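Working notes, beginning with the structure itself.
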Number of protein chains: 2
Amino acid sequence: MASDIDIAQAATLQRITQVASEKLGIADEHLEPYGHYKAKISLKYLDSLKDRPNGKLILVTAISPTPAGEGKTTTTVGLGDALNRIGKKALVCLREPSLGPVFGVKGGAAGGGYAQVVPMEDINLHFTGDFNAIQLANNLLAAVIDNHIHHGNALDIDVRRVTWKRVLDMNDRALRDITIALGGTANGYPRQDGFDIVVASEVMAIFCLATSLDDLKQRLGNIVCAYTRAGKPVTARELNAHGAMTVLLKDAIQPNLVQTLENNPAILHGGPFANIAHGCNSVIATQASLKLADYVVTEAGFGADLGAEKFIDIKCRKSGLRPDAVVIVATIRALKFHGGVKKEDLNTENLDALAKGIANIEKHVQNVREHYGLPCVVSINNFTADTPAELKLLQERMAALGAPVVVARHWAEGGKGAEDVAHEVVRIIEANEGRSGFKFVYEEAAPLMEKVTAIATKIYGAAGVSADAKVRKQIAELQEAGYGHYPVCVAKTQYSFSTDANAKGAPTGHTLNIREVRLAAGAEFIVMVCGDVMTMPGLPKVPSAEKIDLVDGKVVGLF
Amino acid sequence: MASDIDIAQAATLQRITQVASEKLGIADEHLEPYGHYKAKISLKYLDSLKDRPNGKLILVTAISPTPAGEGKTTTTVGLGDALNRIGKKALVCLREPSLGPVFGVKGGAAGGGYAQVVPMEDINLHFTGDFNAIQLANNLLAAVIDNHIHHGNALDIDVRRVTWKRVLDMNDRALRDITIALGGTANGYPRQDGFDIVVASEVMAIFCLATSLDDLKQRLGNIVCAYTRAGKPVTARELNAHGAMTVLLKDAIQPNLVQTLENNPAILHGGPFANIAHGCNSVIATQASLKLADYVVTEAGFGADLGAEKFIDIKCRKSGLRPDAVVIVATIRALKFHGGVKKEDLNTENLDALAKGIANIEKHVQNVREHYGLPCVVSINNFTADTPAELKLLQERMAALGAPVVVARHWAEGGKGAEDVAHEVVRIIEANEGRSGFKFVYEEAAPLMEKVTAIATKIYGAAGVSADAKVRKQIAELQEAGYGHYPVCVAKTQYSFSTDANAKGAPTGHTLNIREVRLAAGAEFIVMVCGDVMTMPGLPKVPSAEKIDLVDGKVVGLF
């Protein structure tokens, strides 16, 4: 089959104004065009829809990712197209890609095959500039902090306790651990520092959790970016940085409208990673989508232990969003990988390994049904090497848990290939209408240690959590300082329920070690970094960037 | 009078498609809209204009800047509007503002009063994302270099001789001198490093000097970013980074179309500073403008010793651009400041100080006429405190040099206030038609040391240049390595002809000390850093950022 970029470049796109008006009833005047195929939708217009009833919200999540590939975004896009094909007014609601993976390992991140959002190159490169705005807002605060210290340090900021890092939208390991302000008095006060990737920034989280421009400014002002020598938190508001940060974000905060290969509307907005951040697109975009369509298909990053848990406990909690159904994406190949099969042997039938690997999806299905209280459908992205016996085995095991399994072929066939999934999703939504069992993994009132323990034991299957005395003390201090009601955002590897990326399947009895704790007072959650996950990724030996090129005016290598 | 932002926000803008079609005859299909009031003009369309005759090129430059303010950009915009008013088809061609000054000392940089380009907030903030694209292209190469070293260092790059710096579009002194890749083997090989501001990046210079997408890619590939342990230069091409860098810049390289407050077209594209870089908007934009209009008004940064010299010796040399006339902007106030008057006393008539300060403009006028061989008009931005006696004194002194002096009032009156300047400029262009005395300050074949000496002695009035043995050796090595035919780009303070920012007027007999030399093999020039100029500025004690805010959805404080 043709490569993703070849398919995307061969697509017949409609003007975004046409998609907006024909599919969503949005008039021209409410759009800010960015070229002819991308547009921002005005917040004022979206505010005017407040009294419309909400559509149904479908959350697409997945098994623990493997190098075999699962295809969560393709499923989200394919399902959106399929719902439109079966006569539903449906809208796809995704995150924006980061340049880190684009130039690193993964290449583009706008779906794949015949289930993509387009214009693919634009979406994968600068898009409408949102990530740059977030980068600048983040780095403006950083510059203001060091500038404040340089010019007399009236707030008495402890240079050893500046917690705010700079960010770039780049995989750049050399910036993880640095010393700054060397070279003499003209350059400020030397201190240890580091860069994160933009998608790990608290500004990104705030951007995705804010419900309005006012809420955005309020949250930016609340950011705790340093501590004084007396141990008092210093906020962005005290540094008068939040106003300018808001100005930098005022355009970006408007959701971006693009289209699928089948000319159905898709909204892409915000993009925190789900391993090192909360992993969901913006609340503003999701809420707007529910006003614009009858079915909204959205996704949360990585596996259902990471993105989906944060979707429930962080994104839904405050916003009032409630999913109506969950789709768990898997492939037979990936499940065999979880059962111990090497990547090069995945094309051979192996029922023993599959039986073992199914443990991974079983745990995710149980989590979704029991701990999130939501009905789910398992969507299997079809590969030609999949055998009937393998599929039957999976179906039997899933049936025992009450989860229907549907085979999807949108990658090769577009929306047509996901019609079965669409029908099944509509069926379970209708079957569960009016009797939501939705629940959080933990209650707001629970202490922070209890919250992370609930996630670890219920969702990850861990025996418990561990932490150094220093980390425990930090958690206790945050609890005491009045941040105990915040949800917890676990940063950990996406490859396993545990913190050991190599522990495939559904490990149990492991311990979740909390390495580091960060207060995100603007995002209103506590980040707990577990295991050795990095908030600034590195490039691989041969990064995708080496293959990406412009040849005769056309982008190549953005697979 | 109302503030700049109040005037800009009260303006009646035309849709950019209307401005493009009515004023420049550009059809919709050749534009990529960014909102309704900004658009990129397709390179393919601009290429199709190749056979049209060129319009006249007017270069606006200024005396050495002072805190009293000169108003070069307002003059450029006002003159453009005035030319349109007197029946000429005129186009304004400017640089894009950097966020460094916006959040630092200066505030916005899109003109002022009734001579502005709009939408002012957009232009001053993210505009169409060009600076972000440049930042990313620059930083991708940086990440690729450290990644190459980390993964085996096949090219044997000397970690002590990585010359490529990272950049941000931010005034952030703490990043000037840093150490990176600390924290253990996972983070790479520790080395000393630093960030520059985006406008000082070689990628910015390349962006502004490239004549096509192919030329851009070629130049990006030529960047020398490090040296091997054997002393061999390492290029971006050897690291396979130039293709992806070009992809990042493919949209940015298309010139941006906006409008003046009087709905006349303006093209803003690229924006290197003139003190730490070559200080001119892009060659592609200027060449395109000359095909689109009969009169093109462009500016070069800071005083005529910096921006204009680089406009002539760097931008014009290779591109074949040749200005038809020069406008030198000054104010009576600023000339009195050059004569030693304190900022708070500038509203009082002071003929003695003025007589002394006029030395500054005399030297600039002489440079333009003798060393660049171009006819010039002196345009005085009117202030109410200016007295007839002061103006008369200036006119007499300028008449002795053959330079007409015209008083301009576009700041208060818009284009109408600059009609006298417009008439005078048209007159001198017509008077000089067909007998251009254009010349460079030095010839391409002159050795590097001779080139910088020519700039120092002819343009700066210096007695000569000095440099440490180490710097002299570097220059000799570059000469020997085959870079001797490159022009020289002097980085020095903009406040004086000398490297001492406090030496006002027209100092002579001083020495230009070369502190540092940098090869810009992609931009094709040699940067010579003189005196203590910084390629990463810092924020002042109370940065503009503190006053910039979003109130009721409106930007305030972006004066």
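The sequence lines fix the lettering, A, B, ..., with proteins before strands; numbering per chain opens at 1. Being a predicted model, the structure only gives us computed values, none of them experimental.
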ask   = B:P540 versus chain A, heavy atoms under 4.5 Å apart: side chain, backbone, both or neither?
value = backbone

ask   = Taking every heavy-atom pair that is under 4.5 Å apart, which of A:E32, A:R191, A:R176 has the most such pairs with chain B?
value = A:R176

ask   = Which bit of B:Q135 comes within less than 4.5 Å of chain A, counting heavy atoms only: side chain, backbone, both or neither?
value = side chain

key: Worked verdict on A:D28 versus A:R15 for salt bridge (Lys or Arg N to Asp or Glu O under 4.0 Å)   = CA-CA 11 Å; A:D28 243 48; A:R15 290 258 169 154; over 6 Å; no

query = Taking everything shown except B:Y45 itself, do over 12 heavy atoms lie less than 6.0 Å from its OH?
reply = yes

ask   = With only heavy atoms counted, which part of A:N171 is less than 4.5 Å from chain B, the side chain, the backbone, both or neither?
value = backbone

ask   = Nearest 0.5 Å, what's the CD1-CG distance between A:I180 and B:D193?
value = 13.0 Å

key: Option passing side-chain contact (heavy atoms from CB on, under 4.5 Å) with B:V167 (candidates B:I197, B:N139, B:L136)   = B:N139

request  = Using non-hydrogen atoms and a 4.5 Å limit, figure out which bit of A:L168 sits close to chain B: side chain, backbone, both or neither.
outcome  = side chain

note = Okay, B:K541 and chain A: the region with an atom under 4.5 Å from a heavy atom over there is both

Nearest-0.5 Å distance, CG of residue A:L220 to CG of residue A:D215 = 9.5 Å

inquiry  = Under 4.5 Å from any heavy atom of chain B, what part of A:L125 do you find: side chain, backbone, both or neither?
reply    = side chain

message = Need one label for B:V542: side chain, backbone, both or neither, based on atoms under 4.5 Å from any heavy atom in chain A.
response = neither

request  = Give, as side chain, backbone, both or neither, the part of A:A545 having an atom under 4.5 angstrom from any heavy atom of chain B.
outcome  = both

ask   = When you measure from the side chain of A:T179 to the backbone N and O of B:I178, does any donor-acceptor pair fall under 3.5 Å?
value = no

ask   = Above 12 or not: heavy atoms from other molecules or residues under 6.0 Å from CG of A:D532?
value = no

remark   = Cut-off 4.5 Å, heavy atoms of chain A, and the answer for B:A133 is both

ask   = Is it the backbone or the side chain of B:F195 that comes under 4.5 Å from a heavy atom of chain A, or both, or neither?
value = side chain

Chain B contact via A:H148 - side chain, backbone, both or neither, heavy atoms under 4.5 Å = neither

inquiry  = Donor-acceptor check, side chain of A:D169 to backbone of A:L99, threshold 3.5 angstrom: yes or no?
reply    = yes

Under 4.5 Å from a heavy atom of chain B, the part of A:V556 involved = neither

Side-chain polar contacts of residues 244-252 of chain A - donor-acceptor pairs under 3.5 angstrom, sequence neighbours left out - could you list them?
{"unit_1": "A:T246", "atom_1": "OG1", "unit_2": "A:H242", "atom_2": "O", "d": "2.6"}

ask   = Which bit of B:R166 comes within less than 4.5 Å of chain A, counting heavy atoms only: side chain, backbone, both or neither?
value = side chain

query = Can you check whether A:M120's main-chain N or O pairs, donor with acceptor, with A:N124's side chain at less than 3.5 Å?
reply = yes

inquiry  = Less than 4.5 Å to any heavy atom of chain A: does that hold for the side chain of B:L43, its backbone, both, or neither?
reply    = neither

